[in-house]
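One structure is given here, and the rest of the page talks about it.
The analysis underlying the following values was restricted to heavy atoms, covering all of them including side chains, and did not include hydrogens, waters or symmetry mates. In what follows, chains carry the letters A, B, and so on, assigned in the order in which the sequence lines appear, proteins first and then strands, with residues in each chain numbered from 1.
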Amino acid sequence: MLSNVYDDEVPEVVTITETITETPTVKTFIFPWKITDDIKPGQFVMVWDFKNEKPMTISVIDKQKNQMGITVRKAGPFTDNLYENIDVGDQIAIRGPYGNGYDLKGYNKILAVGGGSGTASIASLSDFYDNVNLISAASCEDELVFTQRFKDKNEEVYICTDDGSCGFKGFSTQLAEELLKEDDEYDIIIGCGPEIMTYKLYELALKYDIDCQFALDRYMKCGIGICGQCCMDETGERVCVEGPVFNKQQLSHLTEFGKYRRDASGSIVKF
Amino acid sequence: MLSNVYDDEVPEVVTITETITETPTVKTFIFPWKITDDIKPGQFVMVWDFKNEKPMTISVIDKQKNQMGITVRKAGPFTDNLYENIDVGDQIAIRGPYGNGYDLKGYNKILAVGGGSGTASIASLSDFYDNVNLISAASCEDELVFTQRFKDKNEEVYICTDDGSCGFKGFSTQLAEELLKEDDEYDIIIGCGPEIMTYKLYELALKYDIDCQFALDRYMKCGIGICGQCCMDETGERVCVEGPVFNKQQLSHLTEFGKYRRDASGSIVKF
Amino acid sequence: MLENEVMGMKVENPLFLAAGILGTTASSMRMVVKNGAGGIVTKSFSIEANDGYENPTIVKIEGGVINSVGLASPGVEAKREELKELTPIRSKTPVVASIYGNTADVFIDVAKKTQDYVDAFELNVSCPHAKCGYGSNIGEDPDLTYEIVKSVKDEIDNVPIIVKLTPNVTDITEIAVASQKAKADGLTLINSVGPGLRIDYKTGRPILNNKFGGIAGPMIKPIALKCVYQTYEKVDIPIMGVGGIKTYKDALEFLYAGASLLQIGTSIMYDGPGIFKTITDDLKNFLVENEYDSIKDIIGLSHRI
Amino acid sequence: MLENEVMGMKVENPLFLAAGILGTTASSMRMVVKNGAGGIVTKSFSIEANDGYENPTIVKIEGGVINSVGLASPGVEAKREELKELTPIRSKTPVVASIYGNTADVFIDVAKKTQDYVDAFELNVSCPHAKCGYGSNIGEDPDLTYEIVKSVKDEIDNVPIIVKLTPNVTDITEIAVASQKAKADGLTLINSVGPGLRIDYKTGRPILNNKFGGIAGPMIKPIALKCVYQTYEKVDIPIMGVGGIKTYKDALEFLYAGASLLQIGTSIMYDGPGIFKTITDDLKNFLVENEYDSIKDIIGLSHRI
Ligand SMILES: Cc1cc2nc3c(=O)[nH]c(=O)nc-3n(C[C@H](O)[C@H](O)[C@H](O)COP(=O)(O)OP(=O)(O)OC[C@H]3O[C@@H](n4cnc5c(N)ncnc54)[C@H](O)[C@@H]3O)c2cc1C
Ligand SMILES: Cc1cc2nc3c(=O)[nH]c(=O)nc-3n(C[C@H](O)[C@H](O)[C@H](O)COP(=O)(O)OP(=O)(O)OC[C@H]3O[C@@H](n4cnc5c(N)ncnc54)[C@H](O)[C@@H]3O)c2cc1C
Ligand SMILES: Cc1cc2nc3c(=O)[nH]c(=O)nc-3n(C[C@H](O)[C@H](O)[C@H](O)COP(=O)(O)O)c2cc1C
Ligand SMILES: Cc1cc2nc3c(=O)[nH]c(=O)nc-3n(C[C@H](O)[C@H](O)[C@H](O)COP(=O)(O)O)c2cc1C
Ligand code: FES
Ligand code: FES
């Protein structure tokens, strides 16, 4: 992406061609984008709504229609604006894709866990791999995302809600552990969601001695590896370049993983 | 050459590996240069001696040894300095090649005329074509250049000196006309030299109704088509980009050809 | 669609040839017009002929060129002859004479000698590599700029006076405002940037004979755009935008920022004089596709949204 | 070969990380050192934490980046903790703290709170997109620069004070001379250029949230080189050269122009932090091949030939 010094990489304005209301707080936006082979699940784009610009996972990678999609959960001014005000025919602007996605070649059976809107990060996996089992977790049934999309793909999907309004009652980490106990064919666990979840999944991977890859969420400014905003302790790795998906070996050196993050000023904020 | 907006094209410093004293006033300098297939006889380079920078025809294009050469005639401060002070091991700097060379595909028998140091422009032709007959002209035998080089190539070479000290006595244009009269297989006449010569050769081409291509010499600053210093009346064509070699059709529109040139300020100087 | 009338100059498209590029001879300027330029700015000239600096004077570098031509030009008498030859093209493509000098009198003298053959003057008070007194030292000083512009305006009243400014000042809008106060009819933003310096990495020798040279080409576009945008908010007179325009997208950025007319210089090096036609075609398509009626709709757009 | 001692800082190679790039956390700075940097300049900080501007704040453009981060940084207390963590690396790789403020007192306060953990201070009086009073308005004014530098020098006497200057002034050497008069120990040239502006070609919207942003990267190199070259002729204190260094050839140009130390920022975007090792290796090879004994032999070379 960044190899050519002299390519402009300013945000490219796109027109929304479709929106999908996933839940009362989550919406997917589809727009035209040239889908090349180097665009992978787990990568992200910077989304500019002409007021602010934030990182969003690519949740739809449609090579046939040359379409891309992002899935947004209302969490503050930026995501609220997208959810409430952006509709088919409206414009946003995109730069990217950036970062490294999941690298799942050579794995036999993959357990992918998505928590809340973090599920976006793994949503397009089934278009790339056919050996993925999914856990989709949310606080309640209303907040489950992509379950239909996963089912359409004939993937094994496990539903899990905090309140038991649908599927397994409890945390996705509990469900994941049960699956791992039952089936020793899983050789990697991957996923994205609240860091408290991914950290517990990481601990599971240690406990069951299998590989893992998790997408981390850090405050981003440049997305292109120079501002230093998203660097992780202790290695200084950049979430926007070396991440957002990190593997087990990398995660083992990320001392802040599961503990704290930094705000826009670079000050530490504990989880 | 100029296609990539972001390539530096500053002069490249090279070290002279060989010098050949051609005549008491003409010297050839050989230096390492990556010879690519797009380097053609008739093109020129800008030569920087760290004091000034001037255009010089490429007189040696040696693909095997990856060497290039220029041939300089003492004519003023710049060429004097090269002739007197630059030797094997010394550095000069080169940018280019620039402009269009001779385009001789499809011709049957080529008559190439070099006048004085203008002979440099056609000196490497025999490495590219085997249907070239050469006229090498100079004021006297001492000032003949490249005759040995041509003979080594087994090309037909006609010598011509103003004073008859060697070969044909008289102007190259007279000799050329004799050859054209004798042999109607020539289908193009090309060359480089004093403009009074090339203009007369152009008239010969008209008279004998054959094609022609001549390299013109105009004051140059940029060599890359923007300063406007080398633009020809009436078409505005740039000697450094559309030239220095022009064909018959182009020459027919160059109203200043054979009449005047411009100095460094852009003021007209009559021949 | 692209037609406009600015400072009394009717143009079929907004793309002028910038001063100093292919602007020495009538032939080369006509050639550029044939290739689709909407107007012409000549290479800057003054009373006397001037050889400029010794070579190297212009070198292609990463992102553009660096040049210290040093205002090489034939004197006004010779230039007038070239200008006369341009009369036939002036009905459709305005000819702007770029002139320079070290005093108001020089500017006035040159202007008087050529005013019958031009549609506007562009006062070059902003050359970053002129010999002492002839260049940006004027355009770096609001008072000096005011003086020169006012004196010229007092003497030349039938031809619009455009002032070309240098970006190499702490605040370009100061100079722009001074020019407007002195009754300039328009502004050209910007002259080349810097000056800059390039050094040969093997020998340590500065590459240009004059060491320092103005920087032009794609790399200066963000600076030029800032100058146009900021100046547009401070003055009411039209702005010609110049600096790094290479594609219609660049042209659009300048129009949005507030330029009514545009100039192209360095990019001719990459794409040849055909660049004028390419950009005008692309601009037209863009306007049609985006349902604009006229180029006028987008001039200054960034300030209205 | 590449070792040097400048302003009391011993370095194994001249390539520092530039302020504002990967310089927020101790971890990221250590990571850069691991990748071969000869020294570190932190991201600029002040007393209070500062979120900077809203995104978009940094966008890759043709030739570099445009940024209006707006001096985002944690406050001095948090930063001191990060600096403390850098103590182990300081024996081999000096750590320079870049600090900013709107008054001399702020600079002094920040410096006093951190002076035990740094090898030098770089006073950032030159940010082209700082909020009012905190940026280049100081560095654009020789008197203001003199005041600030002198006040800081009066209070901080055990740590070298480097002043980082903006190129966006009519004459940078004026500010450089003022800094030297105020007893600055060194200069860093240059901060980012412009500011510049980029506009989305489809909508007409300025791309940065703050509209204007500093320009950095390969395209500013000729400007930076000119500043270093001209300043070298006017002052005796060491210069850190920065602006567009991407390869060893760029580094050589800065050394020839007169920089004793170098900084790299934007190019990390293209080549990753590994750029430090690549350039040091290439520099070493160049010196060996050209039979120089030490990098010191080529500092300022252009002025001696
Ligand atoms: C790689 C990556 C991928 C992401 N993918 C998605 C996604 O697909 N869908 C989605 O809804 N969210 C995603 N996020 C998170 C998303 O960027 C933030 O939730 C969003 O920016 C919130 O902004 P806001 O103004 O709506 O809320 P705010 O009230 O501003 O913030 C809410 C939370 O978001 C965080 N946040 C704010 N600004 C940023 C920023 N510039 N960069 C990172 N985090 C920020 C804050 O730290 C806070 O914790 C992703 C984040 C990262 C780093
Ligand atoms: C395309 C081209 C190829 C050339 N190839 C050769 C060559 O192979 N060998 C050779 O000896 N000469 C060649 N010349 C001519 C050469 O550039 C000039 O003779 C040389 O610059 C003279 O410079 P001087 O300082 O020695 O003499 P001066 O006393 O400066 O000038 C002598 C003559 O050279 C002309 N001249 C001076 N400077 C330039 C310049 N920058 N550009 C063009 N003409 C200039 C002057 O108009 C004058 O007529 C070529 C010129 C062109 C345009
Ligand atoms: C080789 C060259 C010569 C120039 N000569 C002049 C000149 O004579 N007068 C002037 O006002 N500007 C001159 N300029 C500046 C251009 O007119 C223009 O302002 C600048 O190059 C930026 O535009 P560009 O990026 O399209 O080239 C010159 C620029 C170049 C590159
Ligand atoms: C994203 C970014 C942030 C920067 N932040 C600072 C800063 O906080 N303080 C400072 O003095 N300079 C800052 N700069 C300027 C750089 O230190 C450097 O002077 C400039 O980028 C030129 O160097 P480069 O071309 O190698 O990037 C920043 C530059 C960039 C690109
Ligand atoms: S967001 Fe700037 S380095 Fe990652
Ligand atoms: S030498 Fe400049 S245009 Fe030909």
Side-chain angles (χ1 to χ4, degrees), chain B residues 1-15 46-55 77-78 91-93 95-96 98 218-242 253-256 262-269, chain C residues 20-32 34-35 43 45 48-67 69 72-75 78-79 81-82 85 198-203 205 207 209 216-219 246 265-273:
Chain B
M1 253 279 95
L2 293 169
S3 53
N4 191 334
V5 179
Y6 290 97
D7 279 348
D8 245 357
E9 243 177 59
V10 297
E12 190 174 321
V13 172
V14 296
T15 302
M46 295 297 288
V47 179
W48 181 33
D49 68 350
F50 308 115
K51 299 192 188 76
N52 207 327
E53 191 196 40
K54 309 243 170 176
F78 180 78
Q91 293 178 320
I92 58 174
R95 61 189 175 97
Y98 294 127
R218 285 295 177 277
Y219 202 100
M220 289 189 181
K221 289 186 171 171
C222 70
I224 50 182
I226 56 170
C227 74
Q229 179 66 44
C230 68
C231 290
M232 297 288 292
D233 291 343
E234 160 92 14
T235 61
E237 278 167 301
R238 299 164 293 180
V239 175
C240 67
V241 174
E242 283 83 24
H253 296 109
L254 300 184
T255 48
E256 74 173 71
R262 284 168 205 265
D263 67 14
S265 78
S267 304
I268 287 175
V269 182
Chain C
I21 286 90
L22 298 180
T24 302
T25 73
S27 294
S28 62
M29 292 185 268
R30 265 194 313 254
M31 179 268 283
V32 172
K34 234 183 215 154
N35 274 286
K43 175 142 195 65
F45 60 96
E48 305 291 340
N50 172 10
D51 282 351
Y53 293 104
E54 296 279 20
N55 280 352
T57 46
I58 309 170
V59 173
K60 177 177 183 284
I61 60 172
E62 208 177 355
V65 291
I66 186 164
N67 98 79
V69 169
S73 51
K79 202 76 187 191
E81 298 313 304
E82 306 279 351
E85 281 189 52
R198 285 298 305 275
I199 297 174
D200 172 56
Y201 79 94
K202 280 190 188 160
T203 62
R205 289 176 197 271
I207 288 168
N209 194 292
M219 64 177 148
K246 186 172 183 297
T266 304
S267 291
I268 292 173
M269 174 174 73
Y270 311 115
D271 299 322

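Met31(C) and Gly236(B) get closest at one heavy-atom pair: CE-O, 3.3 Å. Between Ile268(C) and Gly225(B) the shortest heavy-atom distance is CG2-O, 4.1 Å. Nearest approach of Ile58(C) to Cys227(B), heavy atoms of both residues: CD1-CB, 3.3 Å. Taking both residues in full, the closest heavy atoms of Asp200(C) and Pro11(B) are given as OD1-O, 4.1 Å, listed atom of the first, atom of the second, then distance. Of all heavy-atom pairs between Ala72(C) and Ala264(B), the closest is CB-O, 3.8 Å. What you find for Arg205(C) and Phe50(B) is that their closest heavy atoms are CD-CD2, 3.2 Å.
When each of Cys230(B), Cys231(B), Ala93(B) is checked for heavy-atom pairs under 4.5 Å with chain C, Cys231(B) comes out on top. When each of Gly75(C), Ser27(C), Gly63(C) is checked for heavy-atom pairs under 4.5 Å with chain B, Ser27(C) comes out on top.
Residues Val65(C) and Ile226(B) have side chains in contact (heavy-atom distance under 4.5 Å, counting atoms from C-beta outward). For the pair Arg238(B)/Leu22(C), a side-chain contact is recorded, criterion being any heavy-atom separation below 4.5 Å from C-beta on. Looking at Arg95(B) and Val59(C), their side chains come closer than 4.5 Å, going by heavy atoms from C-beta outward.
Here the OH-NZ distance, from Tyr53(C) to Lys221(B), works out to 11.5 Å after rounding to the nearest 0.5 Å. Within the model, atoms CD of Glu62(C) and CG of Asp8(B) stand 5.5 Å from one another, a figure rounded to the nearest 0.5 Å. Atom OG of residue Ser28(C) and atom CD of residue Gln229(B) lie 10.5 Å apart, to the nearest 0.5 angstrom.
Looking only at distances, a side-chain donor or acceptor of Lys202(C) sits under 3.5 Å from a matching main-chain atom of Val13(B). Put simply, the side chain of Asn55(C) never gets that close to the backbone of Lys54(B): no donor and acceptor are under 3.5 Å apart.
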The test is side chain to side chain contact (heavy atoms under 4.5 Å, CB included); show your working for Met232(B) and Thr25(C) and say whether it passes. CA-CA 9 Å; Met232(B) 297 288 292; Thr25(C) 73; over 6 Å; no
Start with the C-alpha distance between Glu82(C) and Arg262(B), add both sets of side-chain angles, then the distance that settles salt bridge (Lys or Arg N to Asp or Glu O under 4.0 Å), and finish with yes or no. CA-CA 13 Å; Glu82(C) 306 279 351; Arg262(B) 284 168 205 265; 2.7 Å; yes
Apply side chain to side chain contact (heavy atoms under 4.5 Å, CB included) to residues Ser265(B) and Asn50(C) and explain how you reach the verdict. CA-CA 5 Å; Ser265(B) 78; Asn50(C) 172 10; 5.5 Å; no
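For Gln91(B), the part lying near chain C is the side chain, with the backbone staying farther off; criterion is any non-hydrogen pair under 4.5 Å. Neither the backbone nor the side chain of Glu81(C) has a heavy atom closer than 4.5 Å to any heavy atom of chain B. Heavy-atom distances place the side chain of Arg30(C), and not its backbone, under 4.5 Å from chain B.
With sequence neighbours left out, the side-chain contact (heavy atoms from CB on, under 4.5 Å) criterion links Asp49(B) to Lys51(B), Asn52(B), Phe78(B), Asn81(B), Leu82(B).
Lys60(C) and Asp7(B) are not joined by a salt bridge, as no carboxylate oxygen comes within less than 4.0 angstrom of a charged side-chain nitrogen. Salt bridge Glu237(B)/Lys34(C): absent, no basic N to carboxylate O contact under 4.0 Å.
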